[in-house]
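As the structure lists them, so they are numbered: ligands from 1, and atoms in each ligand from 1. FYI, side chains are in, hydrogens and waters are out, and symmetry mates aren't considered; it's all heavy atoms of this structure.
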Amino acid sequence: MPAIATTNPATGETVKTFAAATDAQVDAAITLAAARFADYRRTDFAQRARWMHATADLLEAEADAVAALMTLEMGKTLASAKAEALKCVKGFRFYADHAEELLADEPADPAAVNASKAFARWQPIGIVLAVMPWNFPLWQAVRFAAPALMAGNVGLLKHASNVPQTALYLADVLSRGGFPEGCFQTLLIGSGAVERILRDPRVAAATLTGSEPAGRSVAAIAGDEVKHTVLELGGSDPFIVMPSADLAGAVRTAVTARVQNNGQSCIAAKRFIVHTDVYDQFVSEFTALMSALRVGDPTDPNTDVGPLATEQGRDEVAEQVDVAVAAGATIRCGGKRIERPGWYYPPTVITDITRDMALFTEEVFGPVASVYRAADIDEAIEIANASPFGLGSNAWTRDQAEISRFADEIEAGQVFINGMTVSYPELPFGGIKRSGYGRELSGHGMREFCNLKTVWVA
Ligand code: NAP
């Protein structure tokens, strides 16, 4: 189990360590949350919205400081950390402004159900446990916290062990925004402490964003306890390029889509599937741009790609590439770890990957792009779907018939045409297959942790 600590991925130096909460401290937190839920659930939307807007305003004012914290803890560039903080501000404001309409009663035709009045009402369910990953350390937790709190639930956050200070910041800023004590608590615990919490009868449900093994473990325990879960797991998103596409735009976006967040995004484009007519040009231009990226200190404004967040993560990426190369894949650029303090790995382009290679089906959580050649749209869709994952997807074409086929036939939770997959509070976010189930964001994400109660009046 990793220690709970802030370790700077740019240097490998451990800056601050934290003692894990004891079982007694965890129990006290659950007791507090349960007591708080009893009255918090009765607050109205307007009151919750005032607290959420106040939280958003504080975060906006503190965005530079919290961005520096995220960069310190997991190595994303300062510019992307600041953008993440501001995205969280928007997320808070979206739910503050829209929760009431998104959770409005749903009336039924009274005559059809023999009633004078009948409707379905969305109600909070209580304590929700959130197990979160480090890659977007604030946004992942906010996209749980904002809808959960606006729906009247209370939250317990078990964040990844390498981002404790960002985790503590979130609970603190919500508290300063006005949310009463116990509405949202960060528990500094290792993954081994999750089962006890999930089995506590006072905890109603769990959401987990992270790897497949973590999701499987949490969902199995929740299943045993008959508790609802949402799982946002890994992805290996396809990025399809057809001959009619704006090729220059596709190449530029492909680079961003692969290396955003130093290559550690669940919805990063990871498999580039290119029509044979434009394959050579795409590979050549894509490789040129990938090789030109500046890798280095994430606090330097000139840096495009910082270090990977953990040593283990960097070693896994290097191993995946080495295994593929040993099996006959071709490196077009990158492909060798950078020997310097910190956990750097260069932007890498790989071609000639065959279906018997592990790389064909694995997720690579680093700045490594796999490029495949497709003879036609049928083969492009077939390769896209030949993955155990189904999170995001991207397709580039100007042909309307092809757009329809991609929208209908790609097996994924989302398809972005002539763009890259991005999460918005307004749009549902989630996956199918091994990428998990349930949805976050939009009204759908908020309703995941509500009881839809049917009310029928004679
Ligand atoms: P991870 O190792 O699964 O960790 C995620 C969280 O789960 C951490 O809080 C971790 O705690 C906890 N955890 C790990 N094993 C657990 C277990 N057996 N029981 C209970 N909790 C457990 O994942 P990661 O390496 O941080 O994140 C990378 C993965 O997350 C990638 O696969 C990525 O695609 C996926 N991801 C998905 C989305 C999405 O929206 N679909 C978004 C971001 C990331 P500790 O840190 O204490 O181990």
Requested in this report: Please say whether the positively charged group of Arg93, taken as NZ for Lys or CZ for Arg, lies over the ring of Tyr95, i.e. under 6.0 angstrom from the six-membered ring centre and within 45 degrees of the axis.
Outcome: no

Query raised in the report: Can you check whether Lys270 has an N/O within less than 3.5 Å of an N/O in ligand 1?
Result: no

Report task. May I ask you to list the atoms of ligand 1 that are less than 4.0 angstrom from any heavy atom of Gln140? Result -> 42 (C), 43 (C)

**Report entry** Cation-pi check, Arg314 onto Tyr344 ring (under 6.0 Å, within 45° of axis)
**Finding:** no

Query raised in the report: Should the proximity of Phe365 to ligand 1, defined as any heavy atom under 4.0 Å, be assigned to the side chain, the backbone, both, or neither?
Result: side chain

**Report entry** Nitrogen or oxygen of Arg143 less than 3.5 angstrom from that of ligand 1
**Finding:** yes

**Report entry** Ring centre gap for Phe286 and Phe272 strictly below 6.0 Å
**Finding:** yes

Report summary line: The option among Pro133, Ala206, Ala193, Ala3 carrying the non-hydrogen atom nearest to atom 27 (O) of ligand 1 is Pro133

Report task. Check each heavy atom of Arg216 against ligand 1 and say whether those closer than 4.0 Å belong to the side chain, the backbone, both or neither. Result -> neither

Report summary line: Within 4.0 Å of some non-hydrogen atom of His159, the atoms of ligand 1 are 9 (O)

Query raised in the report: In Å, rounded to the nearest 0.5 Å, how long is the span from CD1 of Ile221 to CG of Asp224?
Result: 8.5 Å

**Report entry** Enumerated ligand 1 atoms positioned under 4.0 Å from heavy atoms of Val131
**Finding:** 6 (C), 7 (O), 9 (O), 12 (C), 21 (N)

Requested in this report: Nearest 0.5 Å please: distance from the CZ atom of Phe416 over to the CG atom of Asp237.
Outcome: 10.0 Å

Query raised in the report: Any N/O of Glu363 closer than 3.5 Å to an N/O of ligand 1?
Result: yes

Query raised in the report: Which bit of Ser191 is near ligand 1, meaning a heavy atom under 4.0 Å away: side chain, backbone, both or neither?
Result: both

Query - From Ser161, Cys266, Ala214 - option closest to atom 38 (C) of ligand 1 by heavy atom - result: Cys266

Report summary line: A student checking ligand 1 against Phe429 at a 4.0 Å heavy-atom cut-off should list atoms 40 (O)

Query raised in the report: With ring centroids as reference points, do Tyr424 and Phe429 lie under 6.0 angstrom apart?
Result: no

**Report entry** Under 4.0 Å to a heavy atom of Lys158 - the qualifying atoms of ligand 1, by number
**Finding:** 9 (O), 11 (O), 45 (P), 47 (O)

Requested in this report: Answer whether the closest heavy-atom distance between the side chains of Leu441 and Pro428 falls below 4.5 Å.
Outcome: no

Query - Contact partition for Val218 relative to ligand 1, non-hydrogen atoms under 4.0 Å - result: side chain

**Report entry** Backbone or side-chain N or O of Ile189 under 3.5 Å from ligand 1 N or O
**Finding:** no

Report task. Using the six-membered ring wherever Trp is involved, compare the ring planes of Phe184 and Phe144 and label them parallel, tilted or perpendicular (cut-offs 30° and 60°). Result -> tilted

Query raised in the report: Relative to the ring of Trp51, is the ring of Tyr40 parallel (under 30°), tilted (30 to 60°) or perpendicular (over 60°)?
Result: parallel

**Report entry** Mode of Asn135 contact toward ligand 1 - side chain, backbone, both, neither (heavy atoms, under 4.0 Å)
**Finding:** side chain

**Report entry** Any N/O pair Gly210/ligand 1 closer than 3.5 Å
**Finding:** yes

Report task. Indicate, as side chain, backbone, both or neither, the part of Leu391 found under 4.0 angstrom from ligand 1 when only non-hydrogen atoms are considered. Result -> side chain

Per-pair distances, 0.1 Å, donor-acceptor, side chain in residues 322-335, under 3.5 Å, sequence neighbours excluded:
from	atom 1	to	atom 2	distance (Å)
Thr330	OG1	Asp352	OD2	2.5
Arg332	NE	Thr351	OG1	2.9
Arg332	NH2	Thr351	OG1	3.4

Requested in this report: Give yes or no for whether the N/O distance cutoff of 3.5 Å, strictly under, is met between Ser435 and ligand 1.
Outcome: no

Report task. May I ask you to identify, for Glu195, whether its side chain, its backbone, both or neither come under 4.0 Å of ligand 1 on a heavy-atom basis? Result -> neither

Requested in this report: Could you give me the CA-CA distance, side-chain angles and deciding distance for His228 and Phe449, then say whether ring-ring contact (aromatic ring centres under 6.0 Å, His included) is met?
Outcome: CA-CA 8 Å; His228 183 62; Phe449 296 109; 5.7 Å; yes

**Report entry** Trace of the salt bridge (charged side-chain N to carboxylate O under 4.0 Å, His left out) decision for Asp200 with Arg196
**Finding:** CA-CA 6 Å; Asp200 189 301; Arg196 248 184 103 250; over 6 Å; no

